[in-house]
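Just so you know, ligand 1 is whichever comes first in the structure, and atom 1 is the first atom listed for that ligand.
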Amino acid sequence: SMTSKPSRPFTVIVEGNIGSGKTTFLNQFKRMPEVIALSEPVEMWRNANGHNLLDLMYEDPTKYSMAFQSYVQLTMLEMHQANFDPPIKVMERSIHSARHCFVENLSNAGFLAGVNRAVLDEWYKWICETQDVNADLIVYLYTTPETAYERIKERNRNEEKKISMDYIRTLHDLHEKFIRSGLTKRFCKAPVIEIDANKDLSELVPKFDECKDMIMKSSAHND
Ligand SMILES: Cc1cc2cn([C@H]3C[C@H](O)[C@@H](CO)O3)c(=O)nc2[nH]1
């Protein structure tokens with residue numbers, strides 16, 4: 001009989017604060033043929049039709065938060081809908097952390113007026129109701145705000161020069177709430193896999209390998 005191909009690959013979403021080690025985690029999967037690892041589309045945000053929306057947002061969040069988060073929502077939806085052949089897709093962040101961590105933060109900070117937040121929210125609700133933006137596993141890379149901030153300063157990404165410790169602490173709290181409030185159950189039934197990504201990289205890789213094994217086992221289960 002025809003086996004009905006699942007509408008999407010076994011989907012893993014990697015969530016975590018800025019500087020929590022997501023890129024390092026994703027790179028572990030880039031070598032595996034049965035996995036397609038999709039990094040956050042930062043390059044698209046840096047060049048949206050010639051505009052560096054990421055830089056504009058950090059330079060003048062009041063003026064550009066709406067344009068930036070609206071474009072993030074579109075690019076994240078494209079990532080959710082990207083269905084390649086490999087049976088497993090690992091995504092860096094999601095349309096969900098965009099809404100519940102970053103949009104929430106900009107709104108709380110007063111950079112996103114109520115009307116803008118309402119429009120973003122209407123799009124988000126419609127997308128969740130009509131598109132398949134669900135996941136099979138969520139991996140949460142836990143760090144302290146201090147560790148995250150240290151790594152951001154080390155990595156020294158140009159647009160992130162102005163990031164303050166307060167911003168990272170607030171984002172940390174929003175990620176903790178997003179992950180631990182049960183909100184993720186709306187788009188992923190499985191329990192969140194948490195990795196203590198506070199360690200330095202050498203201790204982290206064995207943890208990544210352990211997590212990779214769990215992902216491979218769960219996805220095999222899924223077929
Ligand atoms: C989904 C989502 C990711 C994301 C990243 N960012 C920022 C945080 C980092 O400085 C940079 C790359 O993650 O983009 C943001 O402001 N809003 C976002 N929303």
Atoms of ligand 1, numbered as shown, that sit under 4.0 Å from any heavy atom of [X]:
X: E160; answer: 9 (C), 10 (O), 11 (C)
X: V72; answer: 1 (C), 2 (C), 19 (N)
X: S94; answer: 1 (C)
X: M57; answer: 16 (O)

Is any NZ, NE, NH1 or NH2 atom of the basic residue among R169 and E146 found under 4.0 Å from an Asp or Glu carboxylate oxygen of the other?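 Yes, charged N to carboxylate O under 4.0 Å.
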
Does the distance from a Lys or Arg side-chain N to an Asp or Glu carboxylate O, for E15 and K22, drop under 4.0 Å?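 Here E15 does not pair with K22 in a salt bridge, since their nearest N and O are not under 4.0 Å apart.
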
Between [X] and [Y], how do the two ring planes meet: parallel, tilted or perpendicular, split at 30° and 60°?
X: F102; Y: H175; value: perpendicular
X: H80; Y: H96; value: perpendicular
X: Y124; Y: H100; value: perpendicular

Given R151, R157, K153, the one that forms side-chain contact (heavy atoms from CB on, under 4.5 Å) with R155: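 Single pass found, and it is R157.
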
Checking D55 now: which residues fulfil side-chain hydrogen bond (donor to acceptor under 3.5 Å, both in side chains) with it, not counting sequence neighbours?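 So D55 forms no side-chain hydrogen bond (donor to acceptor under 3.5 Å, both in side chains) with any residue.
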
Minimum-distance protein heavy atom relative to [atom]:
atom: atom 18 (C) of ligand 1; answer: F102 CG, 3.3 Å
atom: atom 3 (C) of ligand 1; answer: E40 OE2, 3.1 Å
atom: atom 1 (C) of ligand 1; answer: A98 CB, 3.3 Å

Does any N/O atom on S97 come nearer than 3.5 Å to any N/O atom on ligand 1?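 No, no N or O pair falls under 3.5 Å.
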
Would W45 count as a polar contact of ligand 1, with the cut-off being nitrogen or oxygen pairs under 3.5 Å?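 In fact, backbone or side chain, W45 has no N or O that close.
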
Are Y142 and H172 near enough that their ring centres are under 6.0 Å apart?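 Here the rings of H172 and Y142 have centres that are less than 6.0 Å from each other.
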
With a cutoff of 4.0 Å, is Q69 in contact with ligand 1, counting heavy atoms of the residue only?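 True for this residue.
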
Could you go through residues 28-39 and list every donor-acceptor pair under 3.5 Å that involves a side-chain atom there, pairing it with any protein atom two or more places apart or in another chain?
unit_1, atom_1, unit_2, atom_2, d
Q28, NE2, T24, O, 3.3
K30, NZ, S39, OG, 2.9

Can you tell which of Y71, Y167, Y58 gets a heavy atom nearest to atom 7 (C) of ligand 1?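 It is Y58 whose heavy atom sits nearest to atom 7 (C) of ligand 1.
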
Between L54 and ligand 1, find which residue part has any heavy-atom pair under 4.0 Å and reply side chain, backbone, both or neither.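 Only the side chain of L54 comes within reach of ligand 1.
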
Is ligand 1 under 4.0 Å from a heavy atom in the side chain of C101, in the backbone, in both, or in neither?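 Near ligand 1, C101 shows nothing, with every heavy atom at 4.0 Å or more.
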
